[in-house]
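As the structure lists them, so they are numbered: ligands from 1, and atoms in each ligand from 1. Being a predicted model, the structure only gives us computed values, none of them experimental.
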Amino acid sequence: MSFSHLVHDISLRDSISPRRRPEASIASTMDDHASRSSHVSRAMSYTSTAATSVSIAGDISSQLHGGYCHPLARAWQAERQLTKSMLIYPLFISDIDDEEVLIPSLPNQYRRGLNKLIPFLEPLVHKGLRSVVLFGVPMRPGAKDALGTSADDPNGPVIRSIQLLRQRFPQLFIVVDVCLCEYTNHGHCGILRDDGSLNNQLSVDRISDVAISYAKAGAHCVAPSDMNDGRIRAIKLKLIEEGIVHSVTLMSYAAKFSGCLYGPFRDAAGSTPSFGDRKCYQLPPGGRGLARRAIVRDINEGADIIMVKPAGQYLDIISDAKELGKDLPVAAYQVSGEFSMIHAAAKAGVFDLKAMAFESTEGILRAGATIIVSYFTPEFLDWLST
Ligand SMILES: NCc1[nH]cc(CCC(=O)O)c1CC(=O)O
Ligand SMILES: [Zn+2]
Ligand SMILES: [Zn+2]
């Protein structure tokens, strides 16, 4: 197409219908008359400078607005859109079977015993819930010790709920978080040396045993969140040794950062460390290079899915994970603190809850994740149905 043809076309359009000017879509979003008329005069100067071919080419390629003013055209700008099957819903399962307790720092989320689980999940499964991630919470006195013995208690809440969920919801994909911090009396994610640091060998041996118990109980996916070096390899090798590697997905919390955003979770799971913090085994927030090394390491050790956590503050890491592991699904965990912040801000009138919930997941999807662990899952099942 020649430039002179474009000049002709533009002036023809202008003379036939002023509404078809390239600026029409901008003007239509303006509601006061003054700004509308200023756009009209800009449109006229556009037409008058259209005499030189170079500036026309520049102006035409600069017109983006017309491409996305319809809601569907806006949706098409995204590489991928949120679907129900991308969501994993976190569940806190108490060892007190009849318990159902609201977690004050985590809006609308409860810690539930086994007897409350099925009635709660039934309607969600009917609305399209595809996957949950289980966190066991031992509430009974004496349930915690230095080795986290209750983590794989066959009568404990996690193993019993895996069996129950498999039986009652055969289509539900059951992910189980593997860590010791909920079960140790010191609240750290492994077994400690006398000086309070993690003993890597003992921790990895124990955590891989726990993962195998969950897998044997019927978990479709085990997800170690402890961050001990070498646990992905150890779990994969034991899955092979046990002859169950073909039926279990291994999801690594590969890039898990230490920070302020896990507080409500620790309230829910009772897993706040009794001394110190997790800074020596969770990544420093500025450590992008370290996160990339952890991601590559876990891919090489046999992870099937790579997770980044938290999500919103770490979108560059999600994008790195997708680049480094371009043939693996990448998961993002929108953690308790992110969820509670969104709720608090919505309550303070900063924004609309639903709009922000969607915007936050759009960022995560854009960065490259296709699996999202989210406390908004029950709401999304409703929002995505309408
Ligand atoms: N290791 C346990 C674990 N698994 C997932 C989370 C956090 C999830 C959330 O905040 O929603 C934590 C807490 C922690 O590491 O302290
Ligand atoms: Zn049913
Ligand atoms: Zn832990």
Parallel, tilted or perpendicular: which describes the rings of [X] and [Y], with under 30° parallel and over 60° perpendicular?
X	Y	result
F92	Y375	parallel
F257	Y314	parallel
Y281	H188	perpendicular

List ligand 1 atoms under 4.0 Å from Y333, heavy atoms only on the residue side. 8 (C), 11 (O)
Note: ligand 1 atoms sitting under 4.0 Å from heavy atoms of Q282 are 14 (C), 15 (O)
Taking non-hydrogen atoms only, is [X] closer than 4.0 angstrom to ligand 1 via side chain, backbone, both or neither?
X	answer
C179	side chain
C181	side chain
D177	side chain
F339	neither

Might you confirm whether atom CG of D194 has over 12 heavy atoms from other residues, nucleotides or ligands at distances under 6.0 Å? no
Is there a polar contact between ligand 1 and [X], counting only N or O atoms under 3.5 Å apart?
X	value
D226	no
R266	yes
E182	no
R278	yes

Which residue owns the protein heavy atom closest to [atom], what's the atom, and how far is it?
atom	value
atom 11 (O) of ligand 1	Y375 OH, 2.6 Å
atom 15 (O) of ligand 1	K256 NZ, 2.6 Å
atom 10 (O) of ligand 1	S336 OG, 2.7 Å

Which atom pairs, one a donor and one an acceptor, fall under 3.5 Å between side chains of residues 67-74 and the rest of the protein, sequence neighbours left out?
from, atom 1, to, atom 2, distance (Å)
H70, ND1, L72, N, 2.9

Is the cationic atom of K256 (NZ for Lys, CZ for Arg) positioned less than 6.0 Å from the six-membered ring centroid of Y333 and within 45 degrees of its normal? no
Within less than 4.0 angstrom of ligand 1, does K309 place any heavy atom? yes
C189 near the Zn ion (ligand 3): N/O/S under 2.8 Å: yes
Checking salt bridge (charged side-chain N to carboxylate O under 4.0 Å, His left out) against D298, which of R231, R292, K236 comes through? R231
Which one of F92, F135, Y253, F265 has a non-hydrogen atom at the shortest distance from atom 13 (C) of ligand 1? F265
Scan side-chain atoms only and decide if D97 and N115 contain a donor-acceptor pair under the 3.5 Å cut-off. no
Correct closest heavy-atom pair for G325 and I299 would be CA-CD1, 3.6 Å
Pairs under 3.5 angstrom only: tabulate donor-acceptor contacts from the side chains of residues 350-357 to other protein residues two or more places apart or in another chain.
from, atom 1, to, atom 2, distance (Å)
D352, OD2, K354, N, 3.4
D352, OD2, A355, N, 3.0

State, with a plain yes or no, whether a side-chain heavy atom of S258 is found less than 4.5 Å away from one of P284. no
Hey, what's the angle at the Zn ion (ligand 3) spanning SG (C179) and SG (C181), nearest 10 degrees? 120°
